[in-house]
Amino acid sequence: MNKYLISFAIILLTTAATFAQKGIVKGTVKDADTGEEVIGASVSLEGTTTGASSDVFGNFQFTAPAGTYNVIASFIGYKKTTQEITVVEGQETVLNLTLAIDAQELEAVEIVGKANTESAGALMVERQKADVMIQAIGAEEMSVKGISDAEDAVANITGVTKVEGQGLFVRGLGDRYNNAFVNGLVVPSTDPNKKVIDLGLFSSDLVRNIDINKTFSPSLYGDFAGATVDIVTKDYPEEGFFNVGLSTGVNSIATGSNFKTFQDGDAEFFGFTGNGRTLPDEMRNREVPDSYANSFSPSYITAGPNLNGKISGGNLYDVGSESQFGFIAAASFSNDYRIEEGVKNTYRAQGTTINSYASKEYIYSTNTTLMGNAFYKINDKNTISFNNILINESENSVLDLQGKHEEKNNREAPVFKERNTYRQNTVNIHQLVGDHKFMEDDRLKLTWGAGISMSRSQEPDRRQITYDEIDYTDGKFTGQIFTNSPDDSHRFWSDMSEQTLSSRIGLQYGLGNADENGNFRHNVSVGYNGFNKDRDFEWWMSSLVVSGPRPRIDIDNPQPDLDQNFADGVLSYDPIVRYDTKFNAQMGVNAFYGDYGVDIIPNKFKANIGVRYEIGRQQVTYKPENTTDPNVADIVNEKNSENVLPSLSLKYSLNEKSNIRFAASKTLIRPMMSELIPFRFTFANGQKIVGNPDLENSEVYNLDLKYEIFPNAGELFSVGVFAKQIDNTIELVTRASAITEFSYVNAGVSQVAGVEMEINKNLGNIFQSGGNWLSRSNVGLNATLLASQTDLSGSEGMFTNEKRAMFGASPYMVNANVSHEANLFSPNVQSIFTVTYNTFGDRIVAAGSQGAGDIYERSYGTLNFVFKNRIGEKISLDLTIKNILNPDITLEQEFTNGTTGVVETYKKGVNAKIGFKYTF
């Protein structure tokens, strides 16, 4: 690790020296009236592409050849200012620029929200001026905090945490209670058991900003109670650019270690299976193939460093006197080696173990992203954008489990289980969106969008063998194949594809006369948005069968022994001959909404009253469970609903810097498509989940109250309370069965309430005597206190606790960060240090049943360090160290006798990465 840090420092110092022959232009940009720093202001030399944006402290810096120039400073909401300077070679020119408020332009932040919505300062202005409660994180903040994808970005928002293996939880509410969109349009999920697309698919390189709505307004889909997340992608630059970036990283556990994997396809290193794991044609007909292409013998390699490469570019062109055409294109590839070693256990109600395994999992993952977006401005009032995104994600894992197994007669005798799972998820998004303004003072505004998205999720040729009677002789481990159930030793394929059509259109009309800033006291909005999803899913499986005495197999290299036993007739494959292994699911929503906004007291007290009318349709088509007749009639289960969803939002401005907000609404939660099918999904841990066609919608009642103050530019203090009641909650419970399996039921009433607090502050404004050092330092903190309860009394199912906290609901959540900007190596090198820390309280990840208690994910903290360096105008060098504390990630089950047992524990390792970017 030391050699990486030394090399990094040498590169920084050497590169800094190459810029010494130019002059440096630096300084601050402040509000002319208040003296507060302006974040995200553009500072450039007139007639050139040389310049920079002011950072989170209002500072800017760039280099320029010697000469005399006009410096232009501008920012949305302020009047442009110009100042003449002379740049002297090898010297600094220091400017203190001030911008005067332009009220008419400031209002444009809400209407247009163009490129500056990457800036934390612009997003803060937008949040302050918005009629409804919103939160957002932009590309600038994501970069400073070393955030790599949209999921990690949202996890930095107040009240949001990431639960291992279960995605994001907002105010204690998990996947089913949230929504995610791209540019306001619906996109498909790549997981049949998840409602929301995996936000980790979206690299931060694609993102302009992410909007998070935790309160409902009529233009949003009503199927949520936690949050609606909208990923707004980059569209076009104000100036042409071309970037190339490379980074490499190490993991303290994996890098350089012996790494077990299965390499079946030529392109699996890049995340594409090709024909390496193709389903044999005979398997489609539930017949035994002549042979299978792939081996059960793993490969052993040395885990290399994690790599990331990206390239991006764009430009903006004038077309005639009024029109402009712009584009942005980007491509990236990243990979990651991980090793997770620990234990996996299951327990009886008394706390004795059923399965007790030592586990070790080798995981290799990739992400490939392509983006090409085009923008056409017809004139100042009409724009059209065409957005295109292709994302391919893969994960190739080998899970080794050794220990006790419940089906063994001699439970103390160890078994060894090895499973290779390859998953490839692909998302293809195409969107056309437009914004238009009509009439004097832009009285009428029209926004619209339409998109088609396709996703595919494959799990091709999953292989598992279970051994018992383990022996070590002649320098190798051998074991006898264990085949008590079809899942013990098998090959498995699954394929899911989904197409989503989505559209939206919205009109806003201003009533009466516009004021001096072009604002209308009364505004009426109406619109439509809707989508239709069509999903197909199917799986195939073939189990290993032993005829006669069980053969002894070399565990480390099983394929030669397997081949011999197949040739001798001792082993054979037995395909699962059933036709309940596939389903089709369709879901559609058509919604119409209206909203009336009025300044009851102009510039002081505003109300928005709205209603949404949603027409929902869900249809699933499947075969009867366990049917072996391919000609048996399909079962079609259709559910239709009509819902009226009202909302009220109030905003009272105590003064120019502080607001009190209130929101009340009704929303709903629909069952997911997979939950309506009596179809048994079997997971790697042996858990079996069966859908329930009798599920009904849940109704949600929401209340929010918040006070917020914006002391200075980029600063915030807010505190709020919220409460929700969910009637007819959908819960996962154990059902009475010959085998342990779970199903979904409508389970009475759930309630969640909490307090949220958020602070962003410049230290120089706290400690006035701290000088320049403190004025270049910022701190941030958000925290949530939460209480929740699900009441299962009177519901069907075998559960231990009738009343318990909701899944994933932590009693507290904390995110903290501190950053400092400095010029360490030379005046031409601008550095930003950022330290982030987040933690949470113990939370339930699985409900206990049959006398066994609930399973909790225990609290742990994550500490990250980011060191970003801008060298001149063209070079960036960054160091990121994540998960510095490397805590144990532990799941524990509580029992009625007061004891606890470890269900799972492992470490992720410390990740360190050095990145380089060059701008041409």
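The shown structure was predicted, so the numbers you read here are calculated from the model rather than taken from an experiment. Residue numbers count from 1 along this sequence.
No side-chain N or O of Thr500 forms a donor-acceptor pair with one of Ser453 less than 3.5 Å apart. A donor-acceptor pair shorter than 3.5 Å cannot be found between the side chains of Lys533 and Gln499. For the residue pair Glu699 / Asn697, no side-chain donor-acceptor distance below 3.5 Å is found, with atom types taken as modelled. No hydrogens or angles considered: a donor-acceptor pair under 3.5 Å links the side chains of Asn367 and Thr369. A side-chain donor-acceptor contact under 3.5 Å links Asn529 and Arg612. A donor atom on one side chain and an acceptor atom on the other are not found under 3.5 Å apart for Ser698 and Asn728. In summary, the side chains of Ser647 and Ser665 do not present any donor paired with an acceptor at a separation below 3.5 Å, with no hydrogens or angles considered. No side-chain donor-acceptor contact under 3.5 Å links Asp704 and Thr215. In summary, the side chains of Glu642 and Tyr613 do present a donor paired with an acceptor at a separation below 3.5 Å, with no hydrogens or angles considered.
Between Tyr528 and Tyr593, the ring centre distance reaches or exceeds 6.0 Å. Checked against the 6.0 Å centroid criterion, the rings of Phe270 and Phe333 qualify as a close aromatic pair. Residues Phe386 and Tyr376 place their aromatic rings such that the two centres sit no closer than 6.0 Å.
The shortest non-hydrogen separation linking Ser189 to Lys195 is CB-O, 3.9 Å. Nearest heavy-atom pair across Arg456 and Asp495 is NH2-OD2, 2.7 Å. Here the shortest heavy-atom pairing between Ser649 and Val132 reads OG-CG1, 3.8 Å.
From Leu173, atom CG reaches atom CD1 of Ile669 across 8.0 Å, with rounding to the nearest 0.5 Å. Atom CG of Asn388 sits about 6.5 Å away from atom CG of Asn373, to the nearest 0.5 Å. Put simply, CZ on Arg171 and NZ on Lys214 are 5.0 Å apart, with the number rounded to the nearest 0.5 Å. With rounding to the nearest 0.5 angstrom, the CG atom of Asp230 is 6.5 Å from the CG atom of Asn183.
Of the residues Asp536, Val620, Val636, Asp634, the one that meets the side chain to side chain contact (heavy atoms under 4.5 Å, CB included) test with Asn584 is Asp536. Applying side chain to side chain contact (heavy atoms under 4.5 Å, CB included) to Phe181 and the options Val229, Val232, Thr228 leaves one that passes, Thr228.
Look at Glu696 and Lys639 and you find a salt bridge, because one of the NZ, NE, NH1 or NH2 atoms lies within 4.0 Å of a carboxylate O, short of that distance.
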Check against side chain to side chain contact (heavy atoms under 4.5 Å, CB included), Met133 and Phe722: CA-CA 12 Å; Met133 299 184 202; Phe722 64 89; over 6 Å; no

